[in-house]
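In this text, all values refer to a predicted model and were calculated from it rather than measured experimentally.
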Amino acid sequence: MATFSYLAYFPVRCSSNRDSYDPNKQKLNNIKINGTSTKSTTKQVEAGVTTTFTAVASVTANGYMTEQKVRQNIPTTKQSVDHFRQGITIEGGVGYRQRVVVRSYEVGPDKTATLESILNLLQETALNHVWMSGLLSDGFGATHGMMKNDLIWVVSRMQVQIDQYAIWGEVLEIDTWVRASGKNGMKRDWLIRSQATGQVFARATSTWVMMNRKTRRLSKMPEEVRAEIAPWFIGKQAIADDVPEKIVKLDNKAKYVNSDLKPKRSDLDMNHHVNNVKYVRWMLETIPEHILESHLLSGIILEYRRECGSSDIVQSLCDPDEEGMLIEGLKQQENRDMNLMNGFSLAAGILEGGGFLGFEKQPLRYTHLLQINGETKNEEIVRGRTTWNKKSPTTPFSSM
């Protein structure tokens, strides 16, 4: 069945014939059966500014529009302003900027945005960017050409650098754009800044490849898909492309191991696999509690290897680098009452930094691995590396 798309503003009308009523379809009287359509808009004047609202829908050849299309409101042409999401195009019309407010459910005990919330915002703005392009099909960020070829996007690498965490109630501006990555891939970058001060809080970059939705194998980029997305590529980089440092594969000799992680139904995304943001939670659960209390995560690199399904049992491995192991050993020594200087460990103070005796603050690093906990072989899901900086004595809301 052929599908036609159009831009229209329309009222919802109900048929009086109950026997012929289909709750998933709505009849539109301004659609011609031959596929042509009419277009209308409504204007609203607020504070002297005229705003044009354009509703978007897809209509099948018989003149009906599915309820899903009505509710999703997916554009079929490029948009410059998204009034509902407070989004606009930037970078000459090919980038995207969205303004968001840090909600109460997006912060942790210290009232700052959690890493999971940040990653969710990155994912949401990426999808909204595709929505604005007019290329979004029914898939999870897939274009029309991708859907035609049974292709989906999968992320192969993600890197996030965090200089400062946003606080509860803060208004953020998130910029995102795409650029080329070889012949068959794409890179997507983000910048997160404070709307009030303009200070950049975080930078992120990611690499995406195409996978066949049915075979679950990586695929080359078809020319029609390249023609769709290539006009959106720009050369700007959020994080300079250095030679990626190899993340070693951990084994069962890792210092911290959690072997009984089971995906919940709420962990699944629209592709029926565990959302990649959930992986981060599993990884961070293996970080020692005293490190979580004394340090802030300042960077994370994720290298994705395979998908994780709802029936998989996952094992999380974590190992500190040499400096981290030494500091942890000295922390344990402090807990055994082997302290100096009224409870302050001289050795631990030097190693953790803080400028004591002229030493600079040095971040701690941990290597991570999530794998399927199978009987025959442990298949890798994602390798990761996290970097942690010593917390400042003063943090937002510290006096509350």
Are [X] and [Y] within salt-bridge range, i.e. N to O under 4.0 Å?
{"X": "Asp189", "Y": "Arg179", "value": "yes"}
{"X": "Glu106", "Y": "Arg103", "value": "no"}
{"X": "Glu380", "Y": "Arg306", "value": "no"}
{"X": "Arg383", "Y": "Glu303", "value": "no"}
{"X": "Asp267", "Y": "Lys264", "value": "no"}
{"X": "Arg281", "Y": "Glu285", "value": "no"}
{"X": "Lys278", "Y": "Asp269", "value": "no"}

Does Asn120 have any side-chain contact (heavy atoms from CB on, under 4.5 Å) partners at least two apart in sequence or in another chain, and if so, which?
-> Val277
Identified side chain to side chain contact (heavy atoms under 4.5 Å, CB included) partner of His368 from the options Val382, Asp319, Ile287, Leu302 | Ile287
Identified side chain to side chain contact (heavy atoms under 4.5 Å, CB included) counterpart of Leu135 within the set Thr77, Thr76, Thr143, Val225 | Thr143
With rounding to the nearest 0.5 Å, note down the distance linking [atom1] in [X] to [atom2] in [Y].
{"X": "Leu369", "Y": "Ser316", "atom1": "CG", "atom2": "OG", "answer": "8.0 Å"}
{"X": "Asn212", "Y": "Leu151", "atom1": "CG", "atom2": "CG", "answer": "6.0 Å"}
{"X": "Gln123", "Y": "Met158", "atom1": "CD", "atom2": "CE", "answer": "8.0 Å"}

Do you reckon [X] sits in the same ILVMFWY cluster as [Y], going by side-chain contacts under 4.5 Å, direct or chained?
{"X": "Leu115", "Y": "Leu370", "answer": "yes"}
{"X": "Ile88", "Y": "Trp131", "answer": "no"}
{"X": "Ile229", "Y": "Met211", "answer": "no"}
{"X": "Phe201", "Y": "Val171", "answer": "no"}
{"X": "Ile152", "Y": "Met221", "answer": "no"}

Derivation and outcome, side chain to side chain donor-acceptor pair (under 3.5 Å), residues Gln164 and Gln199 = CA-CA 9 Å; Gln164 184 173 333; Gln199 179 182 355; 3.0 Å; yes
Measure from the side-chain N and O atoms of Thr205 to the backbone N and O of Ile239, and report whether any donor-acceptor pair falls under 3.5 Å.
-> no
Of the non-hydrogen atoms in Gly134 and His144, which two are nearest, and what is the gap between them?
-> O-NE2, 3.4 Å
Please report the closest heavy-atom contact between Met146 and Trp153, naming both atoms and the distance.
-> SD-NE1, 3.3 Å
Trp232: ring pair (Phe, Tyr, Trp, His ring centres under 6.0 Å) partners, not counting sequence neighbours | His129
Just do the side chain to side chain donor-acceptor pair (under 3.5 Å) check on Ser194 and Glu170 with the steps written out, would you?
-> CA-CA 7 Å; Ser194 168; Glu170 188 161 17; 3.1 Å; yes
Taking the hydrophobic residues Ile, Leu, Val, Met, Phe, Trp and Tyr, and joining any pair whose side-chain heavy atoms are under 4.5 Å apart, which ones share a cluster with Ile301?
-> Ile247
